[in-house]
There are 2 protein chains.
Amino acid sequence: MTDDDFDLSRFLPYALNQAAEATSIGFQKYYRQRYGMLRTEWRVLFHLGRYGAMTAKGICDRASLHKTKVSRAVYALEQKRFLVRTPQEQDRRHETLALTRQGQVVYSDLFEAAKSYDAKLSAHFTAQEREILNRCLEKISKL
Amino acid sequence: MTDDDFDLSRFLPYALNQAAEATSIGFQKYYRQRYGMLRTEWRVLFHLGRYGAMTAKGICDRASLHKTKVSRAVYALEQKRFLVRTPQEQDRRHETLALTRQGQVVYSDLFEAAKSYDAKLSAHFTAQEREILNRCLEKISKL
DNA sequence: TGTTGTTAGTTACAAATCAAACTAATATCT
DNA sequence: AGATATTAGTTTGATTTGTAACTAACAACA
């Protein structure tokens, strides 16, 4: 490869970051404007809504998020009355997090918004492109 | 699409962000450990090294970076003696940014590191996947 | 039982980011 | 020329993030 072939737009860390930023900005307005949520809060909410009640540690592991970030997001969502904590009987270090009814409603709303936002993005790609894109991103995330 | 088909790993803003994070972390050590640089500093340096001297505004536009971020990165790179500013004669609001010799050396080093890091990542993909991935990311960034 | 280690989650402080206000230089319009 | 608007870039203060130290609950083992 000569130097001329390698510019920033083909450097994966850069290209991925640019693309991630571009799509994030568009989706932010749903959770930010409507519910005053931060990105980590939206993720925690999504995890609970999509995969059911679980512990903060569970979210950390599934989402590759640091525990301090999750801790703060959980606190914020609790303040908003979107979730409740229940310490586990057999081990009081663990607390089960579960969405409140209100949290469920918000989740449903954001879930629909996410689906249609994603559909809007997908419209720019062929089925093959979309499939390969998914596969590549998944592979990269697991490196 | 049923709900079961739509989980976080297929939601583009999420999947892109996870992938971007994963690749960024691996590349950070090059500019962070060796040169104490931040991500924006690395980007500014790369722009100047790859595309030649230009103004801060030019970098903002090309890299879609906010001017405050660039301003601080330029200051940091100046402190490290990696670049110099020269106010333009005909319009003293503009200052041309150019790498110093030392900056060039650092750029070359990081450029090589980037190329080989990218090659290492690319090894996980077929030529077709890599091509489509590039195309998709480029499209998304321009939305 | 007591000591040591581990784990879930929080807190505190430093570093980084964002938005908005600001300065200085130039352009425009009367 | 003089008033107003733009533009490049910086500074400031509030918000957000990252790192490391911390607490509390439990486990393991002498």
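Small disclaimer: the values here were computed from a predicted structure and weren't measured. Just so we're on the same page: letters track the sequence lines, and every chain starts at 1.
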Could you list the donor-acceptor pairs under 3.5 angstrom formed by side chains in residues 11-19 of chain A, with sequence neighbours left out?
| residue | atom | partner | partner atom | Å |
| --- | --- | --- | --- | --- |
| A:Asn17 | OD1 | B:Arg39 | NH1 | 3.4 |
| A:Gln18 | OE1 | B:Arg43 | NH1 | 3.0 |
| A:Gln18 | NE2 | B:Ala63 | O | 3.4 |

Just do the side chain to side chain contact (heavy atoms under 4.5 Å, CB included) check on B:Arg130 and B:Asp118 with the steps written out, would you? CA-CA 11 Å; B:Arg130 186 57 222 248; B:Asp118 198 74; 3.1 Å; yes
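Applying the ring pair (Phe, Tyr, Trp, His ring centres under 6.0 Å) test between A:Tyr107 and each of A:Phe82, A:Phe46, A:Tyr35 identifies A:Phe46 as the sole match.
More than 12 heavy atoms of other residues, nucleotides or ligands shown are found within 6.0 angstrom of NZ on B:Lys29.
In the hydrophobic cluster analysis, where Ile, Leu, Val, Met, Phe, Trp and Tyr join through side-chain heavy atoms closer than 4.5 angstrom, B:Leu143 is grouped together with A:Leu133. The hydrophobic clustering, which links ILVMFWY residues whose side-chain heavy atoms are closer than 4.5 Å, places B:Leu65 and B:Met54 together.
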Counting primed atoms, P, OP1 and OP2 as sugar-phosphate and everything else as base, the B/S/- map of nucleotides 6-15 of chain C against protein heavy atoms under 4.0 Å is BBSBBBB---
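In the 5' to 3' direction, nucleotides of DNA chain D lying under 4.0 Å from heavy atoms of chain B begin and end at D:dT6 to D:dT12.
Between A:Met37 and A:Val106, the closest heavy-atom pair is SD-CG1, 4.5 Å.
For the pair B:Glu89 CD and C:dA25 P, the computed distance is 14 Å after rounding to whole Å.
To the nearest 0.5 Å, atoms OG (A:Ser122) and OH (A:Tyr117) are separated by 11.0 Å.
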